[in-house]
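Below is one structure, written out as structure tokens, with a few remarks after it.
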Protein chains: 2
Amino acid sequence: MNLTFRQLKVFDVVARHLNYTKAAKELHLSQPAVSMQVKQLEEQVDTPLIEKLGKKLYLTDVGMEMHNYARSTMQQLIDLEETIGQMKTLQQGHLKLAVASTANHFVIRLLARFANAHPKIRISLEVTNRSSLLDLLDKNECDLVIMGSPPDGHNLMSLPFLENPLVVVACPEHRLIAKKKVTLKELIKEEFIIREEGSGTRSAIERFFAGQELAFKTKLDMSNNRAIKHATEEGLGVTIVSMHTLELELKAKTLKIVNVEGFPIYRHWYVVQREGKRLSPIATVFKDYIMEGADDVIEEFTRPLYQHLEQSSR
Amino acid sequence: MNLTFRQLKVFDVVARHLNYTKAAKELHLSQPAVSMQVKQLEEQVDTPLIEKLGKKLYLTDVGMEMHNYARSTMQQLIDLEETIGQMKTLQQGHLKLAVASTANHFVIRLLARFANAHPKIRISLEVTNRSSLLDLLDKNECDLVIMGSPPDGHNLMSLPFLENPLVVVACPEHRLIAKKKVTLKELIKEEFIIREEGSGTRSAIERFFAGQELAFKTKLDMSNNRAIKHATEEGLGVTIVSMHTLELELKAKTLKIVNVEGFPIYRHWYVVQREGKRLSPIATVFKDYIMEGADDVIEEFTRPLYQHLEQSSR
DNA sequence: TGTTATCATAAGGTATTGCTTATGGTGTGC
DNA sequence: GCACACCATAAGCAATACCTTATGATAACA
């Protein structure tokens, strides 16, 4: 059986009017054109759908069944159009994001505002480590990833969209805190608490010191950012982290920024996608949003942080 | 938007395999043919449905929506086919009958057996008088009518399918009952209770006597068959009715058949339809059923009646 | 780096679709 | 019986649907 939507459409009109001529007028067709469509439909089901008795037309039993079917099918088509239309105009959609755990804090702020502006959109946010992020991209299981330092050569396309200042922090009682200015040579005498091998922050720091032809002593490496900060608070050593993760600690004064020469190291946050991936409409909009508007949104919570920075360099 | 079922079918296969080549094999098509169908579908909705990243294919959000739609639509089409198939093979359907009130009794017996053989069929039965029957036929509100003597010239097609013996009956105490053989001349001395002008039974009787060049005296005419029999039981006169309506009375011996020469008059029951009406499948089957099998079914209840007939002519 | 698998694109041909206008047939009602 | 309204049928035509084969491009993988 090979019906066409056209046949159903025409049949519906005929079934409503029970009059080919009027149906033809409604459809802006000639009367034989209508007759033919109905006839073809009848051939498809190999049964008469309409019977003519005297002057009047009647639907047969099968005709009534077909009429119900036609109407239901056409309604579904309308629903589909509507749904797709909404998807295209972003009334609906599913934004699948993944972010590095260090980025979690400020991405949530970005998302909160974005979600507010697009109430019907579903958002998935996965917070995980670097290697999982790359895995997600590879499997096409997310639209966009936000991370600190994307690797080259994975068929990825990365765009920096926000400054990411890495700062040296220590507990308030630490002797370096009192100093107005700390040189790198002084700094490397300290013992470092630092992220695990393979972490984006870790490799950024390593590249920095390598560039200065200096080495630092690792006291402790951990994979949990919160644990690192806690160890630092306890005075186990100094650490280098994205200032964006320090909001709470700076406010509570459990950690302070050390004013080291050459710091902050200005890295960036990147939005990353698979090369060649055609982004969904909603993902495109989100990407535009963070590329263009992230600074403004973020500034509101980074401003107080930068004040800490200024204080430390006073 | 002008989708085709073909596009949906092909898209479904592709969406299931996420592989054009395999889909092509399943569909016994070349691979480009499959690509084209999908592409055309994408053009219809003006949105990509499938995206290719590296080697793998993925459904877009809209693609998933479309896939759901395609599957649902195809399932409905299958359901429709099934329903129509059942209708055609009479698993379903609606049989609309109308019968003359005098035929009611035995038609119910026919219907009971028929309904039993076709459990899913809906049956409407209208029991009414002659003029209403013709009206129903005229408005195409029933498939078939069963009546005693259909009129000519109403664009009707009538087929006799069962013997309809008209007999003279009287109350058991009536003097004619005692006689072995009653001549017509003797009979017309009696006073008759008879159906109203226009009734099928009435006109059959009138034609019979006119053929014999005799006239009968009407004591009472009534439109209700039961009332006629009751008046006869009370001894108001004799009457002539279809023997098929006498089952109860003969069994209860409240009426007896008078053995008149030339009686029973063998008329017929007819099945009547509008000329040119294409009967629904179920109506066709019902018509065949009564044309071929009515005698056998009816015989079981008419046999005892014919015994009464034999007794009266002994 | 070459091979393999896979999809996209192009060109070409045939069948079918979907209309049109013209015309014929039929039931209804005056 | 005639006119009217309405549907069926036929012929003709342009558009396009649908498939094929041939070929090109690209990613994965050895």
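Just so we're on the same page: letters track the sequence lines, and every chain starts at 1.
Nucleotides of DNA chain D nearest to B:R6 and A:K22 differ in position, and the one nearer the 5' end is that of A:K22. Mapping B:K39 and B:R274 onto DNA chain C via the closest heavy atom, the residue that lands nearer the 5' end is B:K39.
Taking atom NZ on A:K56 and atom P on C:dT28, their separation rounds to 10 Å, with Å as the unit. Rounded to an integer number of Å, the gap from CG of B:N155 to C1' of C:dT28 is 11 Å. Nucleotide C:dG29 holds its C1' atom 14 Å from the CG atom of B:D138, rounded to whole Å. Look at CG on B:L3: it is 17 Å from C1' on D:dT16, rounded to the nearest Å. If you measure from atom CG of B:L53 to atom C1' of D:dA28, you get 14 Å, rounded to the nearest angstrom. In this structure, the CD atom of A:Q40 is 11 Å from the C1' atom of C:dC19, given to the nearest Å. Taking atom CG on A:L49 and atom P on D:dA8, their separation rounds to 12 Å, with Å as the unit. Here C:dT9 presents its C1' atom at 14 Å from CD of B:E42, a figure rounded to the nearest Å.
One finds the CD1 atom of B:I50 at 11.5 Å from the NZ atom of B:K52 (value rounded to the nearest 0.5 Å).
Residue pairs meeting the salt bridge (charged side-chain N to carboxylate O under 4.0 Å, His left out) criterion with at least one partner in residues 10-35 of chain A, sequence neighbours excluded, are A:D12-A:R16, A:D12-A:R71, A:R16-A:E26.
Listed for the A:K277 side chain is no donor-acceptor partner under 3.5 Å among the backbone atoms of A:N140.
Within residues 7-21 of chain A, the residues having any heavy atom closer than 4.0 Å to DNA chain D are, in order of number, A:N19, A:Y20, A:T21. Contacts between residues 26-37 of chain A and DNA chain D, defined by a heavy-atom separation under 4.0 Å, are made by A:Q31, A:P32, A:S35.
Checked against the 6.0 Å centroid threshold, B:Y270 and B:F161 do not count as a close aromatic pair.
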Residues A:L110, A:Y289; criterion side chain to side chain contact (heavy atoms under 4.5 Å, CB included); working and verdict: CA-CA 9 Å; A:L110 284 171; A:Y289 164 72; 4.3 Å; yes

Test side chain to side chain donor-acceptor pair (under 3.5 Å) applied to B:K287 and B:Q273, step by step: CA-CA 10 Å; B:K287 188 176 158 190; B:Q273 67 188 91; 2.5 Å; yes

Worked check of side chain to side chain contact (heavy atoms under 4.5 Å, CB included) between A:L41 and A:M66: CA-CA 10 Å; A:L41 188 57; A:M66 179 63 83; 4.1 Å; yes

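Shown here are the side chain to side chain contact (heavy atoms under 4.5 Å, CB included) partners of A:E65, two or more places apart in sequence or in another chain: B:L80, B:T83, B:M87. Legend: residues meeting side chain to side chain contact (heavy atoms under 4.5 Å, CB included) with A:H94, ordered by chain and number and at least two apart, are A:K96, A:R122, A:S124, B:D61.
In this structure, A:V62 and A:P48 approach most closely via the heavy-atom pair CB-O, 4.4 Å.
Between the axis at the start and the axis at the end of the helix from C:dT1-D:dA30 to C:dC30-D:dG1 there is an angle of 30°, using five pairs per end and rounding to 10 degrees.
Taking a cutoff of 4.0 Å between a charged side-chain nitrogen and a carboxylate oxygen, B:D221 and B:R202 qualify as a salt bridge.
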